[in-house]
Colleague: 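Submitted below is the structure of interest, expressed as structure tokens.
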Amino acid sequence: MIHVPNCASPRIAGLAAREVSGVYALGGGAARALGALRERIPGASQSTGQGVSVEVGEKQAAVDLDLVTEYGVSIADVARSVRRNVIASVEGMTGLQVTEVNISVNDVHLPSDNEGSQEPPRVQ
């Protein structure tokens with residue numbers, strides 16, 4: 001029998017979810033805020049397990065994901081693709097049977113979110 005460390009499954013699931021087109025980020029508001037702070041620290045890297053929770057048993061795993069989608073994509077299609085990719089990756093790499101993948105879409109990323117406020121304020 002091969003032992004898979006519990007810390008490996010969230011990383012695998014997180015990376016598999018990020019591979020899907022239409023996924024902007026993983027994690028809720030607080031997790032993303034901490035991730036933004038972490039990115040400003042020299043030498044720090046983004047947590048691959050952010051927004052991912054995996055319950056691992058002897059032969060099975062259940063995955064919970066919190067994600068942010070890009071504006072304009074079909075959330076249902078993105079969720080289906082994420083579910084498929086996470087199941088294939090976790091089962092293929094760990095040998096565990098994935099019994100469920102629960103996906104919560106916490107936000108939609110707008111392209112203007114990256115640009116900051118370029119419009120003049122409405123009130124002066």
Colleague: Would you give the length of the straight line joining atom CG of Leu15 to atom CG of Asn85, rounded to the nearest 0.5 angstrom?
Modeller: 10.5 Å

Colleague: Considering all heavy atoms of both residues, which atom of Leu26 and which atom of Gly14 are nearest to each other, and what is their separation?
Modeller: CD1-O, 3.6 Å

Colleague: Can you check whether Ser74 reaches Val78 side chain to side chain, under 4.5 Å on heavy atoms?
Modeller: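 With C-beta onward as the side chain, the pair stays apart.
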
Colleague: Side-chain contact, heavy-atom cut-off 4.5 Å: Leu67 with Asn106?
Modeller: no

Colleague: Report, as yes or no, whether the 6.0 Å neighbourhood of atom CD on Glu91 holds more than 12 heavy atoms from other residues, nucleotides or ligands.
Modeller: yes

Colleague: Look up atom OG1 in Thr69 and atom CD1 in Ile103, then write down how far apart they are to the nearest 0.5 Å.
Modeller: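 Rounded to the nearest 0.5 Å, the OG1-CD1 separation comes out at 11.0 Å.
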
Colleague: Closest heavy-atom contact between Val101 and Arg83?
Modeller: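 In terms of heavy atoms, the two residues are closest at O-NH2, 2.9 Å.
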
Colleague: If you look at every heavy atom in Ala62 and Thr99, which pair is closest and at what distance?
Modeller: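 It is CB-OG1, 4.0 Å.
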
Colleague: So Val108 and Glu70, do their side chains get closer than 4.5 Å, heavy atoms only?
Modeller: no

Colleague: From Tyr71 OH over to Asp107 CG, what is the distance, rounded to the nearest 0.5 angstrom?
Modeller: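 The CG atom of Asp107 is 13.5 Å from OH of Tyr71, to the nearest 0.5 Å.
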
Colleague: Kindly write out the residues that satisfy side chain to side chain donor-acceptor pair (under 3.5 Å) with Gln97, not counting sequence neighbours, or none if the list is empty.
Modeller: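 Applying side chain to side chain donor-acceptor pair (under 3.5 Å) to Gln97 gives Gln60.
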
Colleague: How long is the straight-line distance from CZ of Arg11 back to CE of Met93, given to the nearest 0.5 Å?
Modeller: 11.5 Å

Colleague: So, for Ser81 and Val20, which heavy atoms are closest and what is the spacing to 0.1 Å?
Modeller: CB-CG1, 3.6 Å

Colleague: Write down the atom of Leu65, the atom of Val86, and the distance for their closest heavy-atom approach.
Modeller: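 In terms of heavy atoms, the two residues are closest at CD1-CG2, 4.0 Å.
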
Colleague: Taking only residues two or more places apart in sequence, or in another chain, which ones meet Asp64 in a salt bridge (Lys or Arg N to Asp or Glu O under 4.0 Å)?
Modeller: none

Colleague: Which atom pair, heavy atoms only, marks the closest approach of Ala13 to Val63?
Modeller: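 Heavy atoms only, the tightest pair is CB-CG1, 4.1 Å.
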
Colleague: Supply the atom-to-atom distance Arg80 CZ to Ile75 CD1, rounded to the nearest 0.5 angstrom.
Modeller: 12.0 Å

Colleague: Using a 4.5 Å cut-off on heavy atoms from C-beta on, say whether the side chain of Ser9 contacts that of Leu96.
Modeller: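 Contact flag for Leu96/Ser9 side chains = yes.
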
